[in-house]
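Below is one structure; the comments refer to it alone.
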There are 2 protein chains.
Amino acid sequence: MSENTSEFSNVSIVKAANVYFDGNVTSRTVKFADGSSKTLGIMLPGEYEFNTGAKELMEILSGDATIQLPGESSWQAVKGGESFEVAANSSFKIKANTVTDYCCSFIQ
Amino acid sequence: MSENTSEFSNVSIVKAANVYFDGNVTSRTVKFADGSSKTLGIMLPGEYEFNTGAKELMEILSGDATIQLPGESSWQAVKGGESFEVAANSSFKIKANTVTDYCCSFIQ
């Protein structure tokens with residue numbers, strides 16, 4: 001048996017969307033059997049700032065964006081297939097240049 | 001045990017979003033053990049026309065919209081907590097007046 005990496009299996013999904021920035025960023029929460037959770041989200045083109053609680057792993061599934069990580073003055077490009085981490089209890093900025101599909105894992 | 005109706009449990013979710021209308025409508029596909037599937041989606045304010053393959057049950061989770069069903073000349077209001085069905089192999093129009101969160105079930 002091979003794992004199907006295009007899907008998350010044996011999970012629960014919260015029906016109601018998480019809605020930010022007037023719907024320009026939305027996500028759905030996926031809960032795993034081990035108690036961990038991720039969100040699958042979409043950003044429309046625009047610039048956004050997010051606060052973190054837990055440490056986050058942000059995987060860009062598709063799209064083209066630039067990010068400014070906590071404490072950094074410079075911006076770096078990220079695109080589909082790439083990822084970045086954001087420290088707990090901090091904030092980061094992201095400019096989505098295209099519709100950007102992402103998966104955010106909360107790391108305890 | 002009571003069913004948690006705010007979540008779908010024991011499902012698979014396709015990671016990649018379905019993106020329509022330049023991202024103004026996006027959804028995620030949820031697959032159930034019985035082989036059925038649903039999409040959980042978000043519409044930003046705007047007017048959209050969708051074609052159906054299978055018959056669809058559209059449940060509005062939150063938001064405020066008007067719909068024009070196949071063969072109808074009039075529009076009717078739908079809002080969070082309401083639903084409507086659309087015949088297979090047809091099309092319908094929907095005007096989202098607010099960010100609209102929905103669940104679409106494909107009925108075989």
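Chain letters run A, B, ... following the sequence lines, proteins first and then strands; every chain starts at 1.
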Please report the shortest heavy-atom distance between A:Asp101 and B:Lys15, naming the atom on each side.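 Heavy atoms of A:Asp101 and B:Lys15 come nearest at OD2-O, 4.2 Å.
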Looking at A:Gly41 and B:Arg28, what are the two nearest heavy atoms and their distance?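 Distance-wise, the nearest heavy atoms are O-NH2, 2.8 Å.
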With respect to chain B, which residue among A:Thr29, A:Val19, A:Asn24, A:Ile42 yields the maximal number of heavy-atom pairs within a distance under 4.5 Å?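 Among the listed options, the one with the most contacts to chain B is A:Ile42.
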For the CG atom on A:Asn18, are there more than 12 heavy atoms of other groups (residues, nucleotides or ligands in this structure) within a distance under 6.0 Å?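 Buried by this count: over 12 neighbours within 6.0 Å.
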Are [Y] and [X] connected into the same hydrophobic cluster when the rule is that any two of I, L, V, M, F, W, Y join if their side-chain heavy atoms are below 4.5 Å apart?
{"X": "A:Leu57", "Y": "A:Tyr48", "result": "no"}
{"X": "B:Tyr20", "Y": "A:Leu44", "result": "yes"}
{"X": "A:Phe92", "Y": "A:Phe106", "result": "no"}
{"X": "B:Tyr102", "Y": "B:Val14", "result": "no"}
{"X": "B:Phe21", "Y": "B:Ile60", "result": "yes"}

B:Asn10/A:Asn10 under side-chain contact (heavy atoms from CB on, under 4.5 Å): CA gap, chis, key distance, verdict: CA-CA 5 Å; B:Asn10 301 313; A:Asn10 301 313; 5.6 Å; no
Check each atom of [X] against the heavy atoms of chain A and say whether the ones under 4.5 Å are side chain, backbone, both or neither.
{"X": "B:Thr26", "answer": "side chain"}
{"X": "B:Ile13", "answer": "both"}
{"X": "B:Leu61", "answer": "side chain"}
{"X": "B:Val30", "answer": "side chain"}

For chain A, which of B:Val11, B:Thr98, B:Val99 has the most heavy-atom pairs under 4.5 Å?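 Highest number of heavy-atom pairs under 4.5 Å: B:Val11.
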